[in-house]
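What follows is a set of notes on a single structure, which appears directly below.
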Protein chains: 2
Amino acid sequence: MARTTGSDGERTEAAVREAAVNLIARYGYEAMSMRRLAAEVGVQAAALYRYFPTKEDLLFTLMREHMEGLREAWEHVRPTDADPAEQLAAYVRNHIAFHIERRHATHVSNMELRSLSPDRLTQILKQRTAYEKELRAILREGADTGSFSIEDTGLTAMALIQMMTGVIVWFRPGERLSVPEVTATYLSMTMRLVGARMDTYSAARPLDAQRTL
Amino acid sequence: MARTTGSDGERTEAAVREAAVNLIARYGYEAMSMRRLAAEVGVQAAALYRYFPTKEDLLFTLMREHMEGLREAWEHVRPTDADPAEQLAAYVRNHIAFHIERRHATHVSNMELRSLSPDRLTQILKQRTAYEKELRAILREGADTGSFSIEDTGLTAMALIQMMTGVIVWFRPGERLSVPEVTATYLSMTMRLVGARMDTYSAARPLDAQRTL
DNA sequence: GAATTAATTGAACGTTCGTTTTATTATCGT
DNA sequence: ACGATAATAAAACGAACGTTCAATTAATTC
């Protein structure tokens, strides 16, 4: 009835995070009790409070780190000195790959925002807005240089993000379509949606571009 | 401490539904307590159980009727003997109009599915699938007749629905864009996304189609 | 090997939850 | 006017919730 043999703070905290993401994604934040989470980890509920002072702190940590991860992933693959079509393609590829890879965490970050306190909600939304702003910048540059035909940059950015993020709702690994297939199709849908001129885009990805029209 | 003057079952039930939709949309199903709901209606919690045997019955009723409403709205505006582009345009217009008009109810139907029991979840998903099937049929016909250029009908249908439904996340009435403006933009994005041939579509909506390319 | 620190247990606290029961009053048909 | 029924209030139920606290043991340090 105390410290267990082989117990390790770092390992326990990691297990808590992973179990929490899965449980919240499956049942929702409110529906996940601390006792249930503890049971999943193989620990008593009180032990969770060694790592996260409150349940909301746990949720906030998961969300913040997920948003930071998204941002970092994009910074890492972001092309420098590329034309708008190439930049847009990179954005789409990264977004879809990241969201499929971290389906559960994305679910949490998108669906449980209302369980955050106002100031923490603001923080997460700020991160999200910053990420979306990058897409708007790409779209605007493409529209300005004539690479894209776009009516409303902000609206198009929202539409694209909703469309891409929606992948996590229906995509299941190992079913009809593979990740590269899904990505390729979304890429060509995106390029058509923004009215990308083919000569620009086909230079980067000849095969996909052919099928785009 | 009993029946109040002017009380009316029908009016109370309607008030319960409306308050429930708003509260669940704002705070989530789990976070909405029956006491809070009752207070919003101006009644004691026990009175709610005259109209809905359990909290989940209330949720299920809201969802089922929302899905029925969506289906009915589409049946009502669905064009007969129209080419695929016109049908798709009607689908998009109806979907966006319906979802903007009933933002809160849509939020509930999309976000609270996991609070349903398995068989009720199945029922709602069946309704949703039936509605989405209509879009797939339109896309397939358009692809077969050469009106559209589509790689994957199922995937395109999902992408379009996610894109359109996403409107409720950011759209606020009375802000920068009006409903007709949003609808027009989404319509042209949709037509480009499915690679609609302009001569077909421009016959129905000349102005939008011009701007599409 | 003793002292210190890290990790966890088990029990308990007060609160809130969905729901039930019983009593009470308004409304309506006759 | 009266009996039937519809609509609600008030109080209570047990269960579950997030969280705290004291006790206890494993690991680490010196």
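Just so you know, these numbers use all the heavy atoms, side chains as well, and skip hydrogens, waters and symmetry mates. Chain naming here is simple, since letters A, B, ... match the order of the sequence lines and numbering starts at 1 in each.
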Please list all pairs meeting side-chain hydrogen bond (donor to acceptor under 3.5 Å, both in side chains) that have one or both residues in residues 157-180 of chain A, counting only residues at least two apart or in different chains.
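Every side-chain hydrogen bond (donor to acceptor under 3.5 Å, both in side chains) pair that includes a residue of residues 157-180 of chain A, provided the two are not neighbours, is A:His95-A:Thr165, A:Arg176-B:Asp152, A:Ser178-A:Glu181.
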Spacing of [X] atom [atom1] relative to [N] atom [atom2], expressed in whole Å:
| X | N | atom1 | atom2 | result |
| --- | --- | --- | --- | --- |
| A:Ile24 | D:dG18 | CD1 | P | 11 Å |
| B:Phe52 | C:dT20 | CZ | P | 16 Å |
| A:Leu59 | D:dT19 | CG | P | 12 Å |
| B:Arg50 | C:dT21 | CZ | P | 15 Å |
| B:Glu56 | C:dC17 | CD | P | 18 Å |
| B:Tyr29 | C:dC17 | OH | P | 13 Å |
| A:Gln44 | C:dG10 | CD | P | 5 Å |
| A:Arg11 | D:dA27 | CZ | P | 10 Å |

Nucleotide of [options] approaching [X] most closely (side-chain heavy atoms):
| X | options | result |
| --- | --- | --- |
| B:Tyr51 | D:dA11, D:dA7, C:dA6 | D:dA7 |
| B:Thr12 | C:dT8, D:dT8, C:dG10 | D:dT8 |
| B:Thr54 | C:dT19, C:dT9, D:dT19 | C:dT19 |
| B:Tyr49 | D:dC21, C:dT19, D:dT19 | C:dT19 |

Between the protein and nucleotides 15-17 of chain D, list the N/O to N/O atom pairs that are separated by less than 3.5 angstrom.
none

Tell me if the centroids of the rings in B:Trp74 and B:Tyr131 come within less than 6.0 Å of each other.
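No; B:Tyr131 has its ring centre 6.0 Å or more from that of B:Trp74.
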Only counting residues at least two apart or in another chain, list the ones meeting salt bridge (Lys or Arg N to Asp or Glu O under 4.0 Å) with A:Glu72.
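Checked A:Glu72 against salt bridge (Lys or Arg N to Asp or Glu O under 4.0 Å); zero matches.
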Applying ring-ring contact (aromatic ring centres under 6.0 Å, His included) to B:Phe98 and B:His76, what does each step give before you reach the verdict?
CA-CA 12 Å; B:Phe98 188 88; B:His76 190 253; over 10 Å; no
Once salt bridge (Lys or Arg N to Asp or Glu O under 4.0 Å) is applied, what residue pairs with a partner in residues 100-110 of chain A remain, sequence neighbours excluded?
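Listed once each, the pairs would be none.
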List for me each residue that meets ring pair (Phe, Tyr, Trp, His ring centres under 6.0 Å) alongside B:Tyr29, sequence neighbours excluded, and say none if there are none.
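With neighbours one apart ignored, the set is empty.
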With a 4.5 Å cut-off on side-chain heavy atoms, are A:Leu58 and A:Leu37 touching?
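A:Leu37 vs A:Leu58: side chains touch.
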Do A:Thr54 and A:Asp57 get their side chains close enough for a donor-acceptor pair, meaning under 3.5 Å?
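The criterion, which ignores hydrogens and geometry beyond distance, is satisfied for A:Asp57 and A:Thr54.
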How about A:Glu151 and B:Ser188: does a side-chain donor come under 3.5 Å of a side-chain acceptor?
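Yes - a donor-acceptor pair under 3.5 Å links their side chains.
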Quick check on the helix from C:dG1-D:dC30 to C:dT30-D:dA1: what's the angle between its two end axes, five base pairs per end, to the nearest 10°?
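Here the helix ends are tilted 20° relative to one another.
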